[in-house]
Every structure is written in C-alpha cells, then in structure tokens.
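Chain identifiers are assigned alphabetically (A, B, ...) following the order of the sequence lines, protein sequences preceding nucleic acid strands; residue numbering begins at 1 within each chain.
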There are 2 protein chains.
Amino acid sequence: MKERKPTSFDIAYRAGVSQATVSRALSDSPLVNEETRRRVKDIARELNYKVDKNARNLRSQKTKTIALLLNEDHGTGDSLINPFFLSMVASIIRASANRNYDLLVSFQQFSDDWHADYEDANRADGIIFLGYGDYTTYVKKLTHLDEQDAHYITWGPVLPGQPGVSIGCDNFNGARKAVEHLLTLGHKRIAFVGGISDGSPEFKRRYEGYSEALRAAGIEVDPALQMDAETSEDAGYQAALVLRERGAAFDAVLGASDLIAIGVMKALEEAGVHIPNDVAVMGFDDIPISAYTYPPLSTVQQNTRQAGELLVENLLKLMEGEKVESFLIPADLVIRGSCGGRPLSQH
Amino acid sequence: MKERKPTSFDIAYRAGVSQATVSRALSDSPLVNEETRRRVKDIARELNYKVDKNARNLRSQKTKTIALLLNEDHGTGDSLINPFFLSMVASIIRASANRNYDLLVSFQQFSDDWHADYEDANRADGIIFLGYGDYTTYVKKLTHLDEQDAHYITWGPVLPGQPGVSIGCDNFNGARKAVEHLLTLGHKRIAFVGGISDGSPEFKRRYEGYSEALRAAGIEVDPALQMDAETSEDAGYQAALVLRERGAAFDAVLGASDLIAIGVMKALEEAGVHIPNDVAVMGFDDIPISAYTYPPLSTVQQNTRQAGELLVENLLKLMEGEKVESFLIPADLVIRGSCGGRPLSQH
DNA sequence: CGAGCCATAATTATCGATAACAACCGAGCC
DNA sequence: GGCTCGGTTGTTATCGATAATTATGGCTCG
C-alpha cells in the first residue's frame with residue numbers, strides 16, 4: 001500500500017522485456033509485437049502504472065498542456081470574477097478537455113514580476129491570454145513573448161501594432177447593430193455608458209460602432225450622451241445617476257457591458273423611469289444573468305462557446321507551426337424585454 | 001531569436017561557475033556566496049532564464065500543482081456548466097493562485113476509463129474533486145485513490161463509508177433554516193422541489209432538513225408536496241407544472257437549488273400566481289443570477305469563496321501529512337423578495 | 001606546523017521516461 | 001553458404017534540473 005509508484009522498469013521486469021520496449025508498447029509504437037504489447041499493457045494495468053508526465057515531458061519537450069492566464073482588470077482580490085470571463089473560462093476548459101489537452105489556469109496578478117510571466121512557458125506548450133491589466137504593459141509582454149517565439153493567442157481586440165494572433169468579438173458591428181435596432185424601434189437620443197478614455201479598446205470599438213450607426217442614420221453624436229464607466233453594476237448605476245443629473249434627455253441607453261446596463265436599469269427604475277417604455281436599455285456580452293433581469297436585458301451576444309473553441313483550436317494550430325489569422329467573431333443581437341422589442345416575460 | 005531556451009548550463013558558463021551552483025543560487029540556498037548569487041541571478045534575468053519545471057519536478061518529485069477534477073452530473077456536452085460550480089471553480093482558481101500553486105483543471109467526463117483517472121496523480125501533488133457522476137463509481141474511485149494513498153479532497157456531502165476528507169455545505173441546517181423562515185412568515189403548506197430518490201445526497205440532506213423543520217413545527221410532511229427534479233431551470237419549471245396539476249395546495253416552495261427555484265417561479269408566474277403574495281419561493285445555492293431575478297430569489301447561501309479557500313487550504317495540509325477533518329460550512333439565509341420577507345426591488 | 005573545520009564550490013548520481021542506434025533472428029535470394 | 005532485409009528487441013544517450021558527495025582554500029587552534 002505504501003509501496004512506491006511503479007515505474008516502467010517494474011513492468012519491464014515482470015514482462016521479461018526491456019524498459020524501452022515497455023515505453024514503446026504503451027505508446028502504441030508499431031515497432032513492437034502485438035503479443036508483447038498486450039502482455040505489457042496487461043501488466044501495466046494490473047500494477048496501475050501511469051507514465052510519469054514529468055519524465056515524459058522532460059524528454060519529449062512537449063507537455064500536452066496549455067496555460068490559461070487570466071488578467072483581472074482590477075486588482076480587487078475580493079471581488080468576483082466578471083461573469084463574462086467565467087463563461088469564457090468554462091468554455092476554454094471544455095474546449096481543451098475535448099482535445100485531450102490539460103489546462104493550467106492561473107491569475108496573472110503579480111505581473112510586475114518579469115519572471116513569473118514566463119514560468120508557464122515551460123509548463124505548457126501554449127498560452128491563452130484572457131484580459132489585460134494595463135494595455136501597454138500587456139503589449140510589452142506579448143512583444144517579449146514574440147521575441148522568444150512562444151506560442152500564444154489572445155482574446156480581445158486587435159489594435160494596430162499588437163503582436164500575435166487574437167480571437168475577438170466584432171465589437172464594432174455588434175454595437176452598431178444594437179444601435180440600429182434601437183433606431184428601428186424609434187429611439188433617437190441614445191446614450192452610451194462605458195469608459196472610452198481609459199485603456200479599454202473594446203469599449204472604444206463599441207463606442208465607434210455606436211457612433212457609426214448614429215451617423216449613418218443622420219444623427220449627430222452627442223458627447224453629453226456618453227458616460228464613462230468600468231464594467232461593473234455599480235459603475236453603471238453611478239453613471240446613470242450622473243447622466244440624469246446632467247439633464248441630457250435620452251430615450252435609450254446602450255451599456256458597454258451587461259453589468260453596466262444592469263446597473264443603469266437599476267438606477268433608472270429607482271428613479272421611476274420605466275423600462276422599456278420610457279427608456280430602452282441594451283447591454284453587451286450576454287452574461288447568464290441578463291436573461292433573468294427584470295425586464296430581461298436585450299444585449300449583444302458574445303458567443304463564448306465558439307470563442308473558447310476557436311481560441312484552443314487556433315492555439316493548437318499555432319503550436320503545430322501553421323499560420324493563423326486573427327479573427328473576429330460576429331456578434332448577434334439577443335432581443336429580450338429591456339429594449340421594447342419583445343414581450344417582457346421572455347427569457 | 002530562434003535560439004534554444006537557455007539552461008542552467010548557459011548561465012553557469014557565463015558566470016564562470018558550475019551548473020549546480022547556479023541551481024543553488026537561484027533557489028536561494030544558504031550554501032552559496034552572496035556575491036555569486038547576485039551575479040548568477042543577474043545573468044539569469046538577462047538571459048530570461050526560467051527553470052524547467054519538468055526537470056525540477058522530475059528530480060524533486062513535487063509539482064507545486066493541484067488538480068481540479070470536474071465531474072459533470074449530466075454528460076450533456078453542450079449545456080453550460082452549473083453556475084454554482086462555476087463560482088466554485090473561480091474561487092478555487094483564486095485560492096490556489098494565492099498560495100502560489102498551479103492549478104490543473106479538467107473534466108472527468110471519460111471516467112469509464114480507469115486509467116485516465118490517475119494520470120493527474122503524476123502531474124499534481126493533490127486533487128480536488130468537484131461533483132460526482134454516479135455516486136457509487138465515485139466512491140469506488142476515491143477508495144482506489146485511498147489505497148495508493150494519494151492526496152485528495154472532495155467537495156460535497158459526506159456519507160458514511162465515503163473515504164477521504166470532504167468540505168461541504170451544511171445542507172441539512174441550511175434547508176431547515178429556510179423552512180423555518182418560511183414558517184415564520186406564516187406559510188404552512190411548503191413544497192419541496194428536488195430529486196431525493198436518485199443518487200444525489202445533497203438534495204436528500206436538504207429534504208431531511210426541510211422535513212425536520214416541518215416536524216419541529218408540528219406539521220406533517222406531505223409526500224404529495226415533494227417533486228423530483230434535477231438541478232436545472234427546466235426541471236424546476238416542469239416540476240412546478242406537475243405540482244399544480246396534482247392539485248395539492250401549497251403556499252410556499254423550497255427549491256433544492258436556485259436553478260430549480262427559478263424554474264418554479266417562471267412556471268408559477270406564467271400561471272398567474274403572484275410571488276411572493278400567493279406563493280413564497282426560496283432556493284438553495286445563491287448563484288449570481290438569483291440576485292437579479294424578478295422577484296429576487298431568497299435563498300440559502302453556499303459560501304463558495306470560503307469553500308474554495310478551505311478546499312485548497314486543507315488539501316495542502318493533507319499533502320504535508322497533517323491530519324484533516326471533514327467540515328461542513330454553515331449555510332446562511334439570503335433573504336430577498338421571493339419569499340415576501342423583504343421589499344421586492346432589493347438585490 | 002599539521003589536524004580539523006568552515007565556507008564555498010565543483011563533481012557525480014539521480015529522477016523516469018523517450019530517441020537514436022545497435023543487435024539479433026529467421027526468411028528469402030543469388 | 002553467405003548476405004541482405006524486415007520485424008523486434010535491447011543498449012545507450014539524453015532531457016535539465018536537484019541531491020548527495022567530494023574537493024578546495026583559508027583559518028583556528030592545540
């Protein structure tokens with residue numbers, strides 16, 4: 001019971017073959033006789049033998065493992081992870097499991113330390129980056145990785161000059177479609193709540209899509225209708241309060257994320273504004289919560305399932321030396337009750 | 001740029017010392033001179049050297065890694081992961097990161113294969129089990145792990161005869177408290193929706209807590225007020241429909257999970273039953289969604305944050321040979337609108 | 001002045017697999 | 001009969017670190 005873990009030598013001894021043959025037999029090498037293979041495998045199973053991954057990885061210099069590095073936007077050790085991120089994580093876990101790759105998950109919270117960043121490089125064959133703290137240091141990191149030609153892929157927007165391959169959501173067209181839908185419903189004064197000045201390229205793209213849709217409809221983009229907010233319910237709530245204080249009239253709001261939109265809805269409701277009759281609200285992300293709010297939040301869906309698949313699939317391609325292009329996943333509208341396009345009770 | 005990754009030999013060469021000294025210097029061994037250490041470290045940083053984890057692990061037989069094995073209850077490859085599980089995963093990711101342990105996450109979907117189960121044993125120093133497919137094969141697995149004295153800890157209920165250490169939620173008292181609260185609010189005919197016949201020990205414990213509270217109040221437990229349901233919104237929805245068809249009158253419902261409770265609320269609302277005025281509803285878990293439903297769902301909170309911490313902390317203790325006792329985390333009520341104990345708009 | 005000791009560093013063995021290379025053996029061929 | 005050849009298997013080198021062992025040089029001290 002307390003005996004040491006069996007090694008390939010133990011099997012070799014019992015099977016009366018060399019250790020190398022054991023290794024070959026277990027990895028289904030065509031070089032080994034069928035009968036021998038069976039015997040070796042039987043003994044292996046009997047001894048409950050399992051190859052030592054460290055030894056294998058060391059020798060073969062492959063790990064069959066990918067690392068997922070989460071970069072929290074805010075260093076709030078206490079807060080929960082953004083639900084959208086969680087969906088992504090789940091999807092990536094599943095996608096890599098499907099491909100028989102192990103997944104090493106970790107936070108990138110101590111990223112000031114140059115060292116720790118690449119620790120994982122030796123533990124995994126490739127890296128998926130989810131989120132970035134400060135965008136510029138993020139790019140610096142990626143550049144560095146590029147120089148050592150590491151294999152990695154990122155989730156998020158692709159800005160000119162950003163190295164590497166990225167899978168992202170079509171933020172621009174997603175937001176554009178959302179605004180077009182609001183316009184179709186007859187809204188003219190549409191506010192945008194989400195920070196566009198700080199380092200978040202996604203929100204900026206969404207704002208551009210928002211602006212584009214307005215301009216295309218001949219409506220001037222009014223800066224007074226834009227409020228900065230980071231992606232949290234509270235930020236959305238506060239932003240909505242300020243927006244109302246400003247006195248700028250608006251009949252619809254596009255939140256740069258669902259959490260923001262939910263905060264906005266809460267603030268408006270508390271102020272006696274009816275959604276969607278007085279003000280229509282749409283979000284962005286389609287986090288699980290959004291289907292259950294009251295009214296259910298209309299939003300722009302980021303397909304996390306597809307995203308996870310693509311991230312893993314393309315990372316594996318990169319690891320095999322294939323050329324891979326960055327790709328934007330189209331964003332589809334999910335119309336629920338909060339924009340008045342559908343009955344309230346649906347989700 | 002395309003040069004091979006630097007090894008400790010490269011550093012040794014440049015520093016004019018032996019390779020072993022490099023290893024010691026980098027691991028802050030007291031055996032090496034301060035000046036030498038600095039020189040070695042400088043060169044290491046300059047070359048962007050990172051120890052090869054595989055080599056280190058192979059030699060030292062430790063991995064500084066724990067594995068998280070997710071066992072999905074239903075093999076539905078397509079469905080999303082139970083939100084409660086996701087919260088647990090997030091919490092465990094964070095807890096292990098805090099302790100500087102790497103975390104290997106994977107699904108245990110192909111668990112019919114005896115082999116794959118222990119693959120991770122060589123890749124990690126300990127295992128956390130989250131969820132179990134079939135309870136009996138689950139126990140068999142654990143027993144097997146015990147025999148090889150592997151280090152592992154499980155999340156979930158502890159049944160007599162189950163090996164190993166477990167952290168779980170106090171399902172019994174959680175449900176009891178919920179029912180007591182409903183009784184306090186004046187409800188007498190309280191239904192319980194959740195499967196108690198299939199292999200889910202948690203739901204069974206919750207049902208026992210439910211029964212206990214009723215009996216303590218002198219109310220007979222009516223089997224007609226219990227409906228089986230697995231943990232999904234749809235199952236809750238269906239169960240509520242059947243419950244109403246049965247014609248058994250009830251003025252409150254305790255869902256065995258939040259998802260179930262949410263499904264129940266939906267069914268009741270659609271039938272024109274007002275919540276909480278006509279029927280009070282409570283759930284169990286406190287998943288993020290629950291704060292946002294309409295009305296916001298009162299529920300029994302499982303503290304996932306604490307759970308993750310305890311799982312990791314105790315697993316590390318086990319790995320160090322300490323004796324660890326199984327532990328039940330107390331479950332607290334979160335009163336929101338759905339049971340009528342508080343105003344509707346709060347969350 | 002040589003034995004003994006401390007601080008430091010270099011050598012060597014080791015972890016457990018896979019890869020490369022060499023060896024064996026019976027069959028077929030000239 | 002000797003020789004090549006394909007199918008199998010055994011031998012040896014190797015991955016890159018850490019642990020154990022040994023060596024060195026300066027100092028103390030009897």
Side-chain angles (χ1 to χ4, degrees), chain A residues 3-41 43-44 47-65 102 115 118-125, chain B residues 3-41 43-44 47-65 102 115 118-125:
Chain A
E3 336 153 13
R4 281 184 357 77
K5 223 170 287 178
T7 75
S8 51
F9 282 94
D10 302 324
I11 300 180
Y13 177 74
R14 300 212 188 189
V17 298
S18 79
Q19 179 269 338
T21 301
V22 171
S23 171
R24 279 188 294 246
L26 292 178
S27 56
D28 286 321
S29 156
L31 293 178
V32 56
N33 180 284
E34 187 49 46
E35 139 73 12
T36 314
R37 183 206 318 290
R38 246 207 16 263
R39 189 154 39 94
V40 167
K41 283 197 170 178
I43 297 177
L47 295 188
N48 206 277
Y49 166 82
K50 213 28 234 81
V51 303
D52 185 313
K53 287 280 181 69
N54 291 313
R56 163 185 291 177
N57 293 347
L58 173 59
R59 184 61 175 98
S60 62
Q61 299 292 56
K62 300 202 170 148
T63 65
K64 268 272 190 178
T65 301
D102 282 333
H115 247 44
Y118 310 120
E119 277 200 73
D120 304 84
N122 292 60
R123 294 217 56 184
D125 300 333
Chain B
E3 336 153 12
R4 282 185 354 78
K5 223 169 286 178
T7 75
S8 51
F9 282 96
D10 302 325
I11 299 180
Y13 177 76
R14 300 212 188 190
V17 297
S18 80
Q19 178 269 336
T21 299
V22 171
S23 170
R24 280 189 295 248
L26 293 179
S27 56
D28 286 322
S29 155
L31 293 177
V32 54
N33 181 284
E34 186 49 45
E35 139 73 11
T36 314
R37 183 204 320 291
R38 242 203 28 257
R39 189 154 39 94
V40 167
K41 284 198 169 178
I43 296 178
L47 294 189
N48 206 278
Y49 166 81
K50 215 24 236 86
V51 303
D52 185 313
K53 288 279 182 70
N54 291 313
R56 161 185 293 178
N57 293 346
L58 173 59
R59 185 62 176 97
S60 62
Q61 299 292 54
K62 300 201 172 151
T63 65
K64 266 272 190 177
T65 301
D102 281 332
H115 246 45
Y118 310 121
E119 278 201 72
D120 304 83
N122 292 59
R123 295 217 55 185
D125 300 333

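Atom CD in Gln61(B) sits roughly 11 Å away from atom P in dA19(D) (whole-Å rounding). Between Lys5(A) atom NZ and dT14(C) atom P the separation is 20 Å, expressed in whole Å. The interatomic distance linking Leu31(A) (CG) with dA20(C) (C1') rounds to 12 Å, in whole Å. Protein atom CG of Asn54(A) is 22 Å distant from nucleotide atom P of dT14(D), rounded to whole Å. What separates CG of Asn33(B) from P of dA10(C) is a distance of 11 Å, to the nearest Å. When rounded to the nearest whole Å, the span between CG of Asp10(B) and P of dC15(D) equals 12 Å. One atom, CZ of Arg39(A), and another, P of dT9(D), lie 8 Å apart when rounded to the nearest Å. Between the NZ atom of Lys62(A) and the P atom of dA17(C) there is a distance of 19 Å, given to the nearest Å.
If you check distances only, the side chain of Arg59(A) never reaches the base of dG16(D) with a donor-acceptor pair under 3.5 Å.
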request  = Using the salt bridge (charged side-chain N to carboxylate O under 4.0 Å, His left out) rule, take Glu34(B) and Arg38(B) through it: C-alpha gap first, then chi angles, then the decisive distance, then the call.
outcome  = CA-CA 6 Å; Glu34(B) 186 49 45; Arg38(B) 242 203 28 257; 6.0 Å; no
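Picking from dT9(D), dG10(D), dA9(C) the nucleotide with the shortest atom distance to the side chain of Ser18(A) gives dG10(D). In the set dG10(D), dA9(C), dG16(D), dG16(D) carries the atom at the smallest distance from any side-chain atom of Asp52(B). Of the candidate nucleotides dA17(D), dG16(C), dA20(D), dG16(C) has the atom lying nearest to any side-chain atom of Leu58(B). Distances were taken from every side-chain heavy atom of Ser8(B) (C-beta onward) to each of dA17(D), dT11(D), dT9(D); the shortest belongs to dA17(D). Checked against dA17(D), dT11(C), dT9(D), the side chain of Ala20(B) finds its nearest nucleotide in dT11(C). Taking the side chain of Val51(A) as heavy atoms from C-beta on, and the options dT9(D), dA17(C), dA17(D), the nearest nucleotide is dA17(C). Listed candidates were dT9(D), dA9(C), dG16(C). Nearest to the side chain of Thr7(A) is dG16(C). Of the candidate nucleotides dA9(C), dA20(C), dC15(D), dA9(C) has the atom nearest to the side chain of Arg24(B).
Thr63(A) and Asp125(A) share a side-chain donor-acceptor pair at under 3.5 Å. No side-chain donor from either of Arg37(B) and Ser29(B) sits under 3.5 Å from a side-chain acceptor of the other.
From Arg24(B), atom CZ reaches atom OG of Ser18(B) across 6.0 Å, with rounding to the nearest 0.5 Å. A distance of 13.0 Å separates CG of Asn57(A) from NZ of Lys53(B), quoted to the nearest 0.5 Å.
Nearest-nucleotide positions on DNA chain C for Val17(B) and Pro6(A) put Val17(B) closer to the 5' end. Each of Gln19(A) and Ser60(A) was matched to the nucleotide of DNA chain D holding its nearest heavy atom; the match closer to the 5' end belongs to Gln19(A).
Between Thr36(B) and dA9(C) there is a side-chain N or O to OP1 or OP2 distance below 4.0 Å.
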